[in-house]
Amino acid sequence: MSFTLATWNINSVRLREPIVLKLMEEHAPDVLCLQECKSPVDKIPMDGFRALGYEHMVASGQKGYNGVAILSKIPMEEAGMQDFASLGHARHVAGRLENGVTVHNVYAPAGGDVADREVNEKFGQKLDFFAEMRDYFNANRPEKSILVGDLNIAPGEDDVWDHKKLLKVVSHTPVEVELFEDVRNSGGWHDVTRGDITEGKLYSWWSYRAKDWDTADKGRRLDHIWASDDIKNTHHSSRVLRDVRGWEKPSDHAPVFATFDL
DNA sequence: ATGTCCAGCAGAGCTGGA
């Protein structure tokens with residue numbers, strides 16, 4: 001059985017309901033994971049999503065900030081929420097699909113501007129979040145699982161527009177990248193996107209601040225899809241829908257898709 | 001990477017977060 005999953009930092013699900021619907025209509029992933037919903041769960045505009053076949057949702061929400069939701073055409077039950085680093089934020093939710101796959105949807109802290117936990121508390125929180133995530137999946141070995149989300153780290157040289165220029169920029173510092181690979185390796189996770197698209201620059205985020213994001217193309221690959229070791233060979237195609245970054249009133253992130261045969 | 005969006009609070013424009 002083939003199924004397609006997408007992850008997208010939507011930067012307010014209520015403001016961007018129209019383009020969520022557009023993505024659902026035009027690309028119809030079976031499962032759509034959203035981050036930065038910025039909405040309490042009961043104010044997520046489910047009616048339109050439901051009408052397009054997304055009848056199932058698990059979500060963790062809070063007013064104004066953060067928030068993650070998994071919308072699914074496939075029946076799904078809630079499979080827990082973790083508050084890594086005890087920040088009191090809605091940054092993780094998991095769902096177990098009827099096909100036996102567990103999906104973890106994560107919105108990692110951005111980490112502020114300065115890559116030094118002594119002067120920037122948010123950077124410390126980001127490091128703690130990943131360390132706890134590593135320990136959690138080390139203790140709870142993922143099986144038949146997919147982890148997606150805005151992890152706010154671009155690990156590879158080809159995951160940023162200029163590796164050298166970004167070495168001190170939060171999201172691409174060596175300490176973050178090392179921790180990122182620690183989390184991935186100690187959970188036995190496999191990088192699905194780079195497994196399918198091995199060559200060349202690949203981004204999923206372009207700042208709102210650039211005058212012409214498309215021409216300047218100063219992007220970073222912050223959004224990820226990982227698969228547990230036991231299903232790592234079941235994916236067969238991945239793509240970043242770059243065009244979506246140019247839609248009406250866009251998010252600053254483009255959705256990342258992966259298709260699996262299970 | 002030098003800028004632009006978003007939500008909350010309040011009831012206009014500022015603030016904090018990304």
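Everything numeric here is computed off the predicted structure, so don't read it as measured data. Throughout, a chain's letter reflects where its sequence line sits, starting with A, and its residues are numbered from 1.
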So [Y] and [X], do their side chains get closer than 4.5 Å, heavy atoms only?
X       : Y       : result
S238(A) : I225(A) : no
R221(A) : V240(A) : no
R194(A) : P155(A) : no

Nearest-Å distance once atom [atom1] is located in both [N] and [M]:
N       : M       : atom1 : answer
dT2(B)  : dG8(B)  : P     : 30 Å
dA7(B)  : dG3(B)  : P     : 24 Å
dG16(B) : dA10(B) : P     : 15 Å

Just how far, in rounded Å, is [atom2] of [N] from [atom1] of [X]?
X       : N       : atom1 : atom2 : result
N66(A)  : dA7(B)  : CG    : P     : 13 Å
L15(A)  : dT4(B)  : CG    : C1'   : 14 Å
E36(A)  : dG8(B)  : CD    : P     : 13 Å
R14(A)  : dC6(B)  : CZ    : P     : 13 Å
K122(A) : dG17(B) : NZ    : C1'   : 6 Å
Q35(A)  : dG17(B) : CD    : P     : 20 Å
Y65(A)  : dG8(B)  : OH    : C1'   : 7 Å
Y208(A) : dC5(B)  : OH    : P     : 8 Å

In terms of heavy-atom contacts, does NZ of K168(A) have more than 12 from other residues, nucleotides or ligands at under 6.0 Å? no
Report, as yes or no, whether the 6.0 Å neighbourhood of atom CD on E78(A) holds more than 12 heavy atoms from other residues, nucleotides or ligands. yes
[X] side-chain N/O to [N] phosphate OP1/OP2 under 4.0 Å:
X       : N       : result
R16(A)  : dC6(B)  : yes
R220(A) : dA18(B) : no
S207(A) : dT4(B)  : no
S12(A)  : dA7(B)  : yes

Counting the atoms with a prime plus P, OP1 and OP2 as sugar-phosphate, which does K63(A) contact under 4.0 Å by heavy atoms, base, sugar-phosphate, or nothing? sugar-phosphate
Classify R245(A) by what it touches in the nucleic acid, base, sugar-phosphate, or nothing, heavy-atom distance under 4.0 Å. nothing
Which is more 5' along DNA chain B, the nucleotide nearest A110(A) or the one nearest K249(A)? Just name the residue. K249(A)
